[in-house]
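This report refers to the structure that appears directly beneath it.
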Amino acid sequence: MVKLEKVEKYFNRYKSNQIHAINSTTLKFENTGLVAILGNSGSGKTTLLNVIGGLDKPDKGKIYIGDKKITNIRNSKLDKIRNLNVGYVFQNYYLLNHLTVFENVSLVLRMLGVKKKEEINERVNNVLKMVGMYPYKNRLSSMLSGGQKQRVAIARAIVKNPNIIIADEPTGNLDSKNSIEIMEILKTISKKKLVILVTHEQKLADMYASRIIKIVDGKVVSDENNSNAHENISYENKNYNEESILNKDFNKRNASLYNPINMITSGVKRICNYSILKKILLIGFLISAMSIVYSVSSILGIINVKDEQFVTTNKNYLKLTTTRNNVTDYLKYEKLPFIKYMLPGDSNLDFTMPCPDYYQTTSAKITLHTSVVDSKEITNSDIIMGEMPKKNTEVVLDKMIIDDILEKSTTKNLGITNYEELIGREILAGDEYLVDSMESRNQTTLPAFKIVGIVDKKSPSIYLAKDNFINLFSIYKIDEQDYSRPPESTINLVDYKLVEDEIEIVEGSLPVNDYEIIVSNQYKDQFELDETIEQTVNGKELKVVGYYESSTEKDENYSNENTIKYQYIEERNNIAIYPENSEEAMKYFSDKDIKIESVYEKDRNEYIAKMKPQIIATIAVSGVILLISLLEIFLLIRSSFLSRKKEVGILRAIGVKKTDIYKMFLGEILSISIFISLPGILIMSFIVNKLAATSFFLDKLVMNSLVIIISIVIVFVFNILIGLLPVHHTLRKRPAQILTENSVD
Ligand code: ADP
Ligand code: MG
């Protein structure tokens, strides 16, 4: 039983073009019979039928199907009621064209939770036999004639054994022979069920309807039983068992069409059935996924500044900025508990590795740029090859420097390719030019150092005994920029301990005390013994305490190490601090308003500042590529969905739940994402990985799991969001509305 109480429906309400499509209609329908709703075109028949069938909502009034009210209830509840109770037949058939006859009909049973294949087969075959479409069961519905389509539509409507069939001008598009057959099928059904038929053909209504309701401008103007109808209709089809269809009920429930697995498999199936053109468009998903990987990789590549790109100094050093080093302060700082040791200026120093491996290469040399660190700062566990230094002349190099050496063309030409070949080699302090010029000027040098081990602490450091530092820096550090007071102390001092074997005092004594120097015997006329000279160190005048003669004919001024240290302190701006506790050191000097900073941080910030224009450009370019890719996905999905809106309308009209429609599209989008976008991501990751290893892209691209994960997340989230957005937009509308907006067949 169906009941309408004072139902009202307007279109364009409160607007100038308002239409009162259903005007205060109260009706009651019995459980069986063929009721014709008759009226001119535009009189409101379809609207009335749609509100009865739950395809549209009235603005006012109540509608009952059986004992259930279908007005003012939740959509999901309405869907359930109409899924279980109402079968639909439309003028335009509304079959799903990509499905076969059998599939169109069996879909309805799947919506009702029928899982058993035999049960589905039996019921579907029976209804198809009843409407005479059994021979065509495997044909695609798009291949059928109008009359055949309408028979399939009727089969689809009755296969679920509904209580009510609503049919909106089912013969509107058919010739008279087919019209009569369709009407006879409906008449047969109406013996057991309520069939509400909308038509504008008085003749058809007179011939078949048991009751005729006439409508004019949305109002019922007459409602009469029709005793003239053909009761003994001639439609006979011996091949079906009417009982099994219209009487034998089955276990119905409002079920979901999809689970996660068949959601994907049917998605894949649909993609496989895409037209050639649409399949070609799918390449767009592949390309955009690939571009997204490239963008993500280059953005991460440029943001992720690698140490190798800027570090020149051991990470632990702090830089104390001073405009004028003062020996007293320096010595005071040196004693602070949170400072391990200090160096005037900075810790950077070049070394030279001679490579006299072959006769032809006796003069080949390689310069190493290093940061000098006390060998006490490494332990045996840091050594990745070789051993800890045992003597003052033994050194350990960081792998970073070793890698640098192996990169050099000189090394490559010599065929030196592995770390072992570098252990045991000797290196000289000073870059290759300084080493050459000191040799030619017969100046005192430090003995060669021997590489005994390699550590991997990711900074370009050389580890050697701290005892060497003062001589090392004072002799070899030629860095113009760091000189603060060049002219004042021009006298070049060398530690007399380095030459003790070579010299002999001819008069006076060795310069064992601070501020004492000895000069070559040949200058004894210019410098008087025990007299000060004009040069000062730490404010003290230097005193000549002896004359020497050198077996190597050197011509240098010697003093003790302290004097050299004080002189070196004074000559330099800034102090490199190797802290015991970095935070305390930073705090101590900050409190004194002396600028102190981590050399690493400073170098890093400077590098980033220098790179900023390039970083911005890369992000902009990658961002644009990213946006274009996303736009491409958007357009692909949109164009694909526009052609599917009608399908959504049909599915909604025949009672498919919204969630099932979401799942259907989700299945498709996931299939595209998994089988097209994901391979695109993986292919591009592989390509970028290869590219990132080339020198051109070295600092521009990165490839790691983060890039892949971010790309996958972007692609999947975007595919799904953009894919479901139009679906969501359409599903907000009532089924009738979707269909009227997309009714072009
Ligand atoms: P019938 O089925 O009798 O031809 P309808 O029920 O389709 O008539 O339409 C009744 C009236 O409501 C018509 O004037 C029609 O133009 C109008 N109408 C129907 N659907 C809409 C809609 N979605 N928006 C605005 N007007 C509509
Ligand atoms: Mg109509």
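Read the numbers this way: they start at 1 and go in the same order the structure lists the ligands and their atoms. Computed from heavy atoms alone, side chains included, the values below leave out hydrogens, waters and symmetry copies.
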Tell me: protein heavy atom nearest [atom], and distance?
atom	value
atom 20 (N) of ligand 1	F11 CZ, 3.3 Å
atom 2 (O) of ligand 1	T46 OG1, 2.6 Å
atom 4 (O) of ligand 1	G42 N, 2.7 Å

Problem - ring-ring contact (aromatic ring centres under 6.0 Å, His included) against F90, all qualifying residues, sequence neighbours excluded - result: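 Listed in chain order: Y94.
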Handout entry: Row check, Y134 ring normal vs K129 NZ/CZ: under 6.0 Å, within 45°
Key =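 Yes, K129 lies over the aromatic ring of Y134.
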Practice task
Please say whether the positively charged group of R156, taken as NZ for Lys or CZ for Arg, lies over the ring of Y93, i.e. under 6.0 angstrom from the six-membered ring centre and within 45 degrees of the axis.
Solution key: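 Judged by the rule (NZ or CZ under 6.0 Å from the ring centre, within 45° of its axis), R156 is not positioned above Y93.
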When you compare the side chain of [Y] with that of [X], does any pair of heavy atoms fall below 4.5 Å?
X	Y	answer
S43	V216	no
K68	N85	no
I182	R151	yes

Problem - With sequence neighbours excluded, residues passing side-chain contact (heavy atoms from CB on, under 4.5 Å) with E119 - result: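 Applying side-chain contact (heavy atoms from CB on, under 4.5 Å) to E119 gives V114, K116, F250.
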Within ligand 1, which atoms have a heavy atom of [X] less than 4.0 Å away?
X	result
T47	5 (P), 6 (O), 9 (O), 10 (C)
G44	1 (P), 3 (O), 5 (P), 6 (O), 8 (O), 10 (C)
I19	11 (C), 12 (O), 14 (O), 17 (C)

Under 3.5 Å, which donor-acceptor pairs link side chains of residues 720-736 to any protein atom two or more places apart or in another chain?
| from | atom 1 | to | atom 2 | distance (Å) |
| --- | --- | --- | --- | --- |
| H728 | ND1 | Y662 | OH | 2.5 |
| T730 | OG1 | P726 | O | 3.0 |
| K733 | NZ | E741 | OE1 | 3.0 |
| R734 | NH1 | N75 | OD1 | 3.4 |
| R734 | NH2 | G54 | O | 3.0 |

Practice task
Using a strict cut-off of less than 4.0 Å between a Lys/Arg side-chain nitrogen and an Asp/Glu carboxylate oxygen, indicate whether K45 and D168 qualify as a salt bridge.
Solution key: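 Answer for the salt bridge query: no.
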Handout entry: Polar contact flag for N12 and ligand 1 (N/O pairs, less than 3.5 Å)
Key =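 No, no N or O pair falls under 3.5 Å.
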Exercise for the section: Check the surroundings of atom NZ in K77: do more than 12 heavy atoms from other residues, nucleotides or ligands lie under 6.0 Å from it? Expected result: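 No, NZ of K77 has 12 or fewer neighbouring heavy atoms, counting only those of other groups under 6.0 Å.
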Practice task
Could you pull out the N/O/S protein atoms under 2.8 Å of the Mg ion (ligand 2), ignoring any water?
Solution key: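 For the Mg ion (ligand 2), the protein N, O and S atoms that sit under 2.8 Å away are T46 OG1.
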Handout entry: Mode of N40 contact toward ligand 1 - side chain, backbone, both, neither (heavy atoms, under 4.0 Å)
Key =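 N40 to ligand 1: backbone contact only, side chain stays beyond 4.0 Å.
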